[in-house]
Number of protein chains: 2
Amino acid sequence: MAVLRRFDGNIISCRHRGVILSRHAGATHFWTSPHTALTTSSLNSRIIDTLRRQIATATLAPGHKLPAERELATLFDTTRITVKDALSMLETEGLIYREERRGWFVSLPRLEYNPASRSHFHEMVRAQQRQAQTQVLSCETVVAPCELVTEMGLSPLSKLIRICRARCIDGRTVLYVEHFLRPELFPGIEQQDLSQSLTALYQREYGLEYSRSRFDICPTAVRGEAASTLNLSQGSPVLAVSRINYDQFDRVIDCDREIWRHDAVRIRVESLSF
Amino acid sequence: MAVLRRFDGNIISCRHRGVILSRHAGATHFWTSPHTALTTSSLNSRIIDTLRRQIATATLAPGHKLPAERELATLFDTTRITVKDALSMLETEGLIYREERRGWFVSLPRLEYNPASRSHFHEMVRAQQRQAQTQVLSCETVVAPCELVTEMGLSPLSKLIRICRARCIDGRTVLYVEHFLRPELFPGIEQQDLSQSLTALYQREYGLEYSRSRFDICPTAVRGEAASTLNLSQGSPVLAVSRINYDQFDRVIDCDREIWRHDAVRIRVESLSF
DNA sequence: TAGTGGTCTAGACCACGGT
DNA sequence: CCGTGGTCTAGACCACTAC
């Protein structure tokens, strides 16, 4: 049906000067179906294909910084806008990411994340041969946001404890997370070390265990404090995972809102069908 | 901590002529945390805020077509590029979507989708008061793509049956899906009506039932046949959900690759913690 | 202070969709 | 055929980062 039209030439010729960047055949990326054809051959997609190939072959290795946009524009004999379009597309694809005014970088392998597991973040990261770090940004009592009143079944104008944290993998902040806790269940939690696993803390200090949870996964755009914490520009794509957790007595314990850099994670869930 | 700085003025004043578009205060969108601040007030974010508000109040109702980019540029006294930037950001956020060369439209409510449930697509859509439709694009025997050989535990150069379908909600194609089936389990399936639920077909005709499955969720960019089927431009953001399904004897039955329009769906999973 | 991306101007031509 | 977005040019100034 769909015909496979790969761009197999090594020389990416530009309109005026001609540019040689890629000398290797591309490897197949998991999310690149071999059944999809490349139908366009615009300048834009030549830039994309060239960069994609360099990334696939690790000629551009994970974490490496790309040349400046102006430099790439010169290299490909075009303007910054065209280059930016190409880079945005690769960003959407998750192959590269940007840091606000710092430049563009090749993405690191995605963390495999199972939101149904109560495995601790640090453990999960270590199990994947990566290094984790957690930073507490704030802990304060707030009036429950109205959508949480509904979601958590609270009475209106309830108070909640809000804990904000940033989590890093291999030195890069990839996750901004807000926890909303029912204060009556967690007296004095402000005095605890909140950079550790909250799940462990709940259990050790308060005898509360997750029994079941419900989570929503929703790709969206980042704004506000989450954006600056993640070094992202306003409106960059992220993956929002919100969870409601129930304890062994089926009471709502807390609610998380995780904002993941969308190139940094792959959700994997094992489940029984029902 | 973060200060709430809402843009509460009704009059969006542009640099030369001044434009009044919005007259209503915005409602809070679920994914818009009230704890995040709007830190910029560029021309771009004024466009975004104005459109966001109009959408939140359904002044711009779901499914409605936005004015042409050139028209918006005139309206906001700016250029098409600036308008496109704003529209792209709203697209990333999932509030609007585009159809290739047709224009920009306000997104419909997201379908709530639980990949762990074996509920049939048509049932699930109907349960949410929407209308579903399925179109079979192709059914053919192919050599197993190499990443599936690994994922499904096949011997190299195995053959698989590949079924490609498009699924619509309320007349809009929102899902492109490929199924890869082990041919030895499904003799003669090509002669069946493949526009119905495959799950039901497996059970009725072949006595096979899903018992468990593993799925991966990964935001990425769309290319190739999936893009044209979904009326998307190359590189638009989508949500890729790939699943491996096991039968009651714990054998791999099939593997799905779903490509969802990223504004059309919200993944919701209920799970026991472990 | 130099370098970077963020934002923006003011146009242009083309390809495809719908009539 | 016209209207639409898709792509592209050739610059500009600003804000922030890193040194």
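Because the structure is predicted, anything quoted here is derived from the model rather than measured. By convention in this document, chain letters (A, B, ...) are assigned in the order of the sequence lines, proteins followed by strands, and residues within each chain are numbered from 1.
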Contact pattern, 5' to 3', of nucleotides 13-19 of chain C - B, S or - by protein heavy atom under 4.0 Å: B-BBSS-
Between B:Thr134 and B:Arg167, do the side chains contain a donor N or O and an acceptor N or O under 3.5 Å apart? yes
Between [atom2] on [N] and [atom1] on [X], what's the gap in Å once rounded to a whole number?
X: B:Asp85; N: D:dG6; atom1: CG; atom2: C1'; value: 14 Å
X: A:Lys84; N: D:dG11; atom1: NZ; atom2: P; value: 18 Å
X: A:Leu66; N: C:dG3; atom1: CG; atom2: C1'; value: 16 Å
X: B:Leu232; N: D:dG5; atom1: CG; atom2: P; value: 15 Å
X: A:Glu99; N: D:dC16; atom1: CD; atom2: C1'; value: 14 Å
X: A:Leu72; N: C:dG3; atom1: CG; atom2: C1'; value: 15 Å
X: B:Glu69; N: D:dC8; atom1: CD; atom2: P; value: 15 Å
X: A:Asp77; N: D:dA10; atom1: CG; atom2: P; value: 10 Å

Among the candidates C:dG6, D:dG6, C:dT9, find the nucleotide nearest to the side-chain atoms of A:Ser233. C:dG6
Taking the minimum atom-to-atom distance to the side chain of A:Ile81, which one of C:dG6, D:dT4, C:dC8 wins? C:dC8
Partners passing side-chain hydrogen bond (donor to acceptor under 3.5 Å, both in side chains) against B:Ser228 (at least two apart in sequence or in another chain): none
Residue set satisfying side-chain hydrogen bond (donor to acceptor under 3.5 Å, both in side chains) with B:Tyr113, at least two apart, ordered chain then number -> B:Glu258
Once rounded to the nearest 0.5 Å, what's the spacing between atom CG of A:Asp256 and atom CD of A:Glu178? 10.0 Å
Under 4.0 Å: is that the gap between some side-chain N or O of [X] and OP1 or OP2 of [N]?
X: A:Thr79; N: D:dG11; result: no
X: B:Asn44; N: C:dG6; result: no
X: B:Arg98; N: D:dT4; result: no

I need the minimum non-hydrogen distance between A:Arg261 and A:Leu230, along with the two atoms involved. NH1-O, 2.8 Å
Tell me whether B:Arg257 is salt-bridged to B:Glu147, with the criterion being a basic N under 4.0 Å from an acidic carboxylate O. yes
Using a 6.0 Å distance limit plus a 45 degree cone around the ring axis, check whether A:Arg172 lies over the aromatic ring of A:Phe105. no
